[in-house]
Every structure is written in C-alpha cells, then in structure tokens.
Amino acid sequence: MDQNRKPRSILETLGEELVRIITPVSICMLLVVILVTVLNTHSEGSSIGPSFTTIATIAYSESSSDSIWDKLKGALLNSLVFVAVITVVTFLLVLLFYFRCTKFLKYYMGFSSFLVLGFMGGEIALFLIRDFGFPVDCVTFVIILFNFTVVGVFAVFMSKMAIFVTQAYLVVIGMLVAYWFTLLPEWTTWVLLVAMALYDLAAVLLPGGPLKLLVELAISRDEDIPALVYEARPVINSDSSPTGDVLQRRVWTERRNTGSALDENSDARPNFNPNTSPVTNSNTTPGTYLSVGSGENEINLVNAEEGQVFRGDSELAAPLIQHRINVRMNSEEDASPSENFALEGIGLGSSGAIKLGLGDFIFYSVLVGRAAMYDFMTVYACYLAIIAGLGATLILLAFCRKALPALPVSIMLGCKSMPSLPPGMAKTWPKPELKLGHTGPNCKDLRPA
Amino acid sequence: MAGRVEWPTIDGPLGLSHQDSVAYARRFFNFGFLCLPFLWAVNCFYFWPVLRHPNSHQSHPEIRRYVVGSAIGFLVFAVILSSWSLTFMIGGNRLFGQVWDKLVMYNVADRYGLTGLF
C-alpha cells in the first residue's frame, strides 16, 4: 500500500490537538452551567446551603446576615483549611508513590470515581427528577445508576477501554465535582478559587512543592502516575506508521536512534527523546503541573502488552512535539473522604497527545458555574477568559518545557472578567463591557428600564 | 483480502491488538451478566468494526462470538427494562394504584431523605 506522503503542517496538527483538549473543557463548563441554571432556578429559595458542611466550610459557614468583612474573613479561613488539607493529601500521595504503592493508588482512584459517580451523580439525578417531576420508578433508577457507576469505574480503572468512553466519564466526573463545588457559599467559592490557583503555583514551581516532587519522582522512575488525567486522542500521522502494527499512543515522538531503537524491550519506545524526563505518575495530587518528559509510562505498558509488534524504525519519523507535559490532576478533598483525583496540570503525553488534569476541568467549571448564577454575559466573558488562559498556558508550556501550573492564568483572567463588584450585588448593577476585545453593545443599553 | 477487519476496536490503531481483544471481549461479556447491560453496550461499541463487517466471523471468530452475544443480551435487557419503565410511567396511578406512589423515585427519595446526603 503506497503511503500518501502528504505532509501536514505543524499548524494543522497542533491546532487539532488544541481543539481536542479545548472541546472537552468547554463541554464540561457547558454542562455545569446548564446544571446550575436548571437546578437553581427550580429551587429558587430552597437552597442546599444551610446544612451544607464539608471540608470546605468547616471553619466558617456563611450566612447572609453577616457583614462583608466577616464573610471575607470566614472565606479566607475556609480556603486556608481546604488548601492545608489538599497539601497534606498531596504529600501523602508523594509518599505513597515513593513507596511504590501504585496498586493502592489505582484502587483508591477507582473507589473515589465510584463515590463521585454513584453518590454525587445519583444525588444530582434525584434533584433533576424531583424538579421536573419525572415519573421514573426506583427499580429502573437503581439499575441505570448502578450500570452507569460500574462502567464508569471500569473506564477510569482499566487502561484500555474505549477512548471515547473514558473521556466521556472523565468529563462527567469533572462536571459532578464542579457542580458540587458551586454549592458552596459565594465568598468561599471565590476565595477558594484564588487560593487554589496560588497553591498550584506554589506546589508546582517551588522547589519543595509536592507536585514538583511528584513530577521529579515519576520522571526519575519513568513511571506513569495512576491519576485521573484526561488525555486527548493523539493526532495520528497516517503515513508515519507501519501498516498492520498497533500504534502506540506515542506516535508523535521523534525517533532519535533509529538503529537499535526498536527493541522489543518494554523500555524502548518510538518516542525516544533523550532529553526528556519521564513523567511522573501521581494519583491525586492537587495542583497542576506541566512537565516535560518523554513520558513512557503508558508506552511501557503498551509495549509489554503488544510485545513485538514494531517494525520499521525509520518510518516513525514523526516530528515534534518534544515536550511532554504531564498533566496532573487535581485532587480535592470534599465531603466524601476519598476524593482522590489526580493533579491538575497541563501536559503532553509521551505520545504528544495533550493531557489535562481533571482538577483543571473542575476549577474552570466552578468559576463558570459561579458566574452562571449571575447572568449569561458573565458566563461568556469568563469562558473566553478561561480559554484564553488555557491557550496562554499551553504556549508558555511550549516555551518553558517544564512543569507549569495550569490554573493560575485562567483563574486570574476569569476572576478579572467578573464584574468588579462585591458578589451578590452583581445583579442590581449594570454590567461592564466585556474586557476581551469584544465589541458588542454595552450591556447597559440592553437592560430593561 | 477485502473485508478483513484491520483493527478490531473502534479506536483503530490506538486500541487493542487482536490478541488482547479476545481477552477484553470475553471479560466484558462475562461481567455483563452481573446485571450490567451497559457493559454489553460498551462492548459492542468498542468492537464495532467486528460487529459491522460480516466477514469478521472468519477473521475474528472468538471476538465476534462475544460481541454478538453482548449485543443480543443488551437488546433483550433493554426491551425488558424499557417496557417495564414505560408501563410504569404511562400507566401511573390508574394502573398500579397505591403501589405507584410507593415506587416512584421522587417519593422514595423524599421518604428516605436521599437528597440531603451531601
């Protein structure tokens, strides 16, 4: 079969990779916005607020009668507690990873997905059913929920499930946790977002930061972090793979040593970049980080599985994307004791496919979900800000080639694009124009008298 | 060999190899018996190329057996569940009487306080 050697430009392939990561982020945000609008308008007065105690509100429970200063203090206290818990959990993860308790981490990941999908998903489904009066019976409901949850655990747990199913479930998990976070009191949410962004910055860039340690550990061991990471489908260069062989998801790596590179050994990967460091596997470390690595973890497994399917070395001359950024997923502690998500972060898998931590999904969606409680122009502005931040982070990643946090830029831009008023008063004031170069009409003119 | 299925999974070259596919198909099929018809549906989705090409019963006999079994199982289960569910929804109080109010989900949720868990 003659190979159609139509070279694809870097712009095409890079653009497609970006679209493949921006689409699920957008879908997650859209779903959270829909959930927030639907569930909040239906239960206008009866909020879940009052008896809502979780780790994030353990220090202070906001009530509408407090003064602004009290609310701010309380929110800061809450966020401090939350960030402290996250830090402890992350260090615990680093420790577990250091002692190679990978199985335990994987089981924990499966268990936390089960909790999120089963309990949170079930509860949100119940809210919807109750609000719409959907006359489903409990037998059907239980069966459907059970199926949904168990298949979700399989999708997250097993490394070789249908890519679409795994991606869909990760987006759903992100959406559920994000919706849960939007139920927190207002001030706590905003301060928490900023606090998490700062924590991310610290954890990934500071020398003693847990995420940095995790990355370095994984890199030094050349292992995968068994974490909840969304990996976009890699762009396959069809003329770069030998026919009939199973493609590793690392097609996008440049072959440096064509000679002995095709080892049947599980360590040999087509994407051999001697400069890159392996990506660490971190189950549940909060924080985002991008690390450049030759991420072989998955490939190791894949190689071991598929054994000797490699053929032609020279055909795998795929360009580019040298940087593997590992995305860490964010892990959060919430009411259910075992929410163990991976770190947040943006990264490129060793296959060149972009990996984004689930924590990023969650916090972006929380910001947009909160904005949805005001009105839709705010949502739009925040959405654009977040996507711009995401793009900027990716560009920065391409330049820096090391672990970078993915939260700070987006969160800061998103918060900036909120109306600069105390929360709660936003509805009664005219909205400022969008700050992103959007030349639409000033919202003031459209408001009813 | 026209019609020979190149890749057994829907992910194509990113998916499983031929050897692993059999193990996975069998595992999905067996687990589906634990009241998990959705797993059967995922099985069919994952091995869609095998299901699609009628020639695959020559090239992938084992996989095809499991996938076709999954498809049949899922269809049967879906028919049973949807008929029960639709009868429940449409019949309502008139058909079931008192029992309907006991079985409908929002009443069950209120009775056990399920929406106040978190």
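Everything numeric in this text was worked out from a predicted model, so none of it was measured.
- Annotation: side chain of Val104(B) is not in contact with side chain of Cys138(A) (no heavy-atom distance under 4.5 Å).
- The contact between Val139(A) and chain B is made entirely by side chain atoms (from C-beta outward), counting heavy-atom distances below 4.5 Å.
- Neither the backbone nor the side chain of Ile124(A) comes within less than 4.5 Å of any heavy atom of chain B.
- Looking at Phe28(B), the atoms closer than 4.5 Å to chain A (heavy atoms on both sides) all sit in the side chain, from C-beta outward.
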- Item | Step-by-step ring pair (Phe, Tyr, Trp, His ring centres under 6.0 Å) determination, Tyr106(B) to Phe134(A) | CA-CA 8 Å; Tyr106(B) 39 79; Phe134(A) 193 54; 9.3 Å; no

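- You'll find the side chain of Phe45(B) reaches within 4.5 Å of the side chain of Phe164(A), heavy atoms only.
- For the pair Phe31(B)/Phe154(A), a side-chain contact is recorded, criterion being any heavy-atom separation below 4.5 Å from C-beta on.
- The CD1 atom of Ile143(A) sits 9.5 Å away from atom OG of Ser85(B), with the distance rounded to the nearest 0.5 Å.
- Met161(A) places none of its side-chain heavy atoms less than 4.5 Å from the side chain of Tyr24(B).
- With sequence neighbours left out, the side-chain hydrogen bond (donor to acceptor under 3.5 Å, both in side chains) criterion links Glu62(B) to no other residue.
- Every residue two or more places apart in sequence or in another chain that forms a side-chain hydrogen bond (donor to acceptor under 3.5 Å, both in side chains) with Asp137(A) is listed here: Thr140(A), Trp84(B).
- Side chains of Leu36(B) and Phe146(A) form a contact here, defined as non-hydrogen atoms less than 4.5 Å apart.
- With sequence neighbours excluded, the residues forming a side-chain contact (heavy atoms from CB on, under 4.5 Å) with Phe114(A) are Thr149(A), Val153(A), listed by chain and number.
- Below 4.5 Å, heavy atoms of chain A meet heavy atoms from Phe77(B), Leu81(B), all part of residues 68-81 of chain B.
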